[in-house]
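Down below is the structure, laid out as structure tokens.
None of the values given here were measured: they were computed from a predicted structure.
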Amino acid sequence: MFEDLVTILSSPTYMGYIWQGFGTTLAVTLIAVLIGLVLGFIVAIVKIAALNNKWMKIPAFICNIYTTVIRGTPVALQLFLMVFSILAFPGFKPYAAILTFGINSGAYVSENIRAGIMSVDKGQMEAGRSLGIPWTHTMVKIIFPQAIKNVIPAIGNEMISLLKETSIIGWVGSTVGTLTFDLNAAAGQIALGLGGAYLAPSIIVGCFYLVVVYAMVLIVKFVEGRLRKSDRR
């Protein structure tokens, strides 16, 4: 195994596979996170608005179906359905894979944001409305800034989970194109070159995941600390 590790680390070709897979993994994770944050925020706001607005009941019902189905089914199943059935258009499969992770993340992010908003004292909303501030402005200016401090850790955990979940993107194979050449695909490619020795490339790939996850944890802690520090001023 030690010889295989040296071979991989000293080979520009093998390390090229690793760096290519590393870049793909980060790109897929970043885009999916952005989709998840936007979608999650919209869904959370719709659900909250439906509590006081009867016209939002139907959109909230649709959002509830969305979160229930997405959170209640495996992401691997969602990936296969999206890539090979729902969005199986020519040349669109790579984007279908990314969209799958974004939609999946959005369901979890929406519940995190909704819980954060609901954790803010309802007296804050009542005070804003009593001063004649519209519901939307009260939510944006008063409620959400307080809620975001409560949901940062949960959203950070979701980002970390999403990074690791993207490892299954290689399951759809070459049919999705080179965009799916992630870290796991890199490990498989190297293993083929080493005659089927998966241990060494798997260890290197695992170290890459570990470093990125640890960096994300530090970033989340830093942001959380900065937000908490601003509360004490």
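In this structure, the separation between CG on L30 and OG1 on T25 is 12.5 Å, given to the nearest 0.5 Å. Here the straight-line distance linking atom CG of L210 with atom CD1 of I203 works out to 12.5 Å at 0.5 Å rounding. Note that the CD1 atom of I98 and the OG1 atom of T166 stand 10.5 Å from one another [nearest 0.5 Å]. Atom CG of L39 and atom CG of L99 lie 9.0 Å apart (nearest 0.5 Å). Note that NZ of K57 is 14.0 Å distant from CD1 of I62, once rounded to the nearest 0.5 Å. If you take CG on N104 and CG on L79, they are separated by 10.0 Å, rounding to the nearest 0.5 Å.
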Note to self: With side-chain contact (heavy atoms from CB on, under 4.5 Å) as the criterion, how do I103 and M82 come out once you've worked through the C-alpha distance, each side chain's angles and the decisive distance to 0.1 Å?
What the structure shows: CA-CA 11 Å; I103 292 174; M82 192 72 80; 3.8 Å; yes
Next item on the list: Apply the test side-chain contact (heavy atoms from CB on, under 4.5 Å) to residues I18 and I190: give CA-CA distance (whole Å), side-chain angles for both, the deciding distance (0.1 Å), then the verdict.
Entry: CA-CA 9 Å; I18 293 290; I190 294 172; 3.7 Å; yes
Note to self: One pair to check against ring pair (Phe, Tyr, Trp, His ring centres under 6.0 Å): W19 and F208. What are the steps and the verdict?
What the structure shows: CA-CA 10 Å; W19 286 114; F208 268 77; 5.3 Å; yes
Next item on the list: For side-chain contact (heavy atoms from CB on, under 4.5 Å), just list the numbers for Y209 and S167, CA-CA rounded to whole Å, side-chain angles, deciding distance to a tenth of an Å, and then say yes or no.
Entry: CA-CA 10 Å; Y209 274 112; S167 62; 3.4 Å; yes
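Its side chain outside the 4.5 Å cluster rule for every partner, W55 clusters with none of the Ile, Leu, Val, Met, Phe, Trp and Tyr residues. Within the hydrophobic cluster formed by Ile, Leu, Val, Met, Phe, Trp and Tyr side chains joined at under 4.5 Å, directly or through other members, I42 is accompanied by V38, V46, M56.
By the 4.5 Å heavy-atom criterion applied to side chains, I48 and M139 are counted as neighbours. Residues I45 and I113 fail the side-chain proximity criterion, which asks for heavy atoms closer than 4.5 Å.
Under the 4.5 Å side-chain heavy-atom criterion for grouping Ile, Leu, Val, Met, Phe, Trp and Tyr, L34 is not connected to L162 through any hydrophobic cluster. In the hydrophobic cluster analysis, where Ile, Leu, Val, Met, Phe, Trp and Tyr join through side-chain heavy atoms closer than 4.5 angstrom, Y214 is grouped apart from V33. I65 is not connected to L51 by any chain of hydrophobic side-chain contacts under 4.5 Å among Ile, Leu, Val, Met, Phe, Trp and Tyr, and they are in different clusters. L9 and F22 fall within the same hydrophobic cluster, where Ile, Leu, Val, Met, Phe, Trp and Tyr residues are linked whenever their side-chain heavy atoms come under 4.5 Å apart, directly or through other members. Put simply, I160 and I219 are part of the same group of oily side chains (I, L, V, M, F, W, Y) that touch within less than 4.5 Å, one to the next.
Applying the side-chain contact (heavy atoms from CB on, under 4.5 Å) rule to S119 yields the partners N150; only residues at least two apart in sequence or on another chain are considered.
Of all heavy-atom pairs spanning V109 and G40, the tightest one is CG1-CA, 4.2 Å. In this structure, A60 and A50 approach most closely via the heavy-atom pair CB-CB, 3.4 Å. L5 approaches A200 most closely through the heavy-atom pair CD2-O, 3.6 Å. Closest of all the heavy-atom pairs between V6 and S10 is O-OG, 2.6 Å. Closest approach of N64 and T68 over heavy atoms only: O-OG1, 2.7 Å. For the pair P153 and E224, the tightest heavy-atom approach, listed with the atom from each and the gap, is CG-OE2, 3.5 Å.
With hydrogens and angles ignored, the 3.5 Å screen pairs no side-chain donor or acceptor of N53 with any backbone N or O of A49. Using a distance-only test at 3.5 Å, with no hydrogens or angles considered, no donor-acceptor pair links the side chain of S11 to the main chain of I8. A donor-acceptor pair under 3.5 Å is absent between the side-chain atoms of S105 and the main chain of F101, judged by distance alone. In this structure, Q78 contributes its side chain and I70 its backbone to a donor-acceptor pair below 3.5 Å. Without hydrogens or angle criteria, Y108 side chain to G36 main chain gives no donor-acceptor distance under 3.5 Å.
Counting only residues at least two apart or in different chains, ring pair (Phe, Tyr, Trp, His ring centres under 6.0 Å) contacts with residues 25-47 comprise F41-F144. Listed by first and then second residue, the side chain to side chain donor-acceptor pair (under 3.5 Å) pairs that reach into residues 29-45 come to none, sequence neighbours excluded. Judged as a salt bridge (Lys or Arg N to Asp or Glu O under 4.0 Å), the pairs with a partner in residues 34-53 (not counting sequence neighbours) are, in order, K47-E111.
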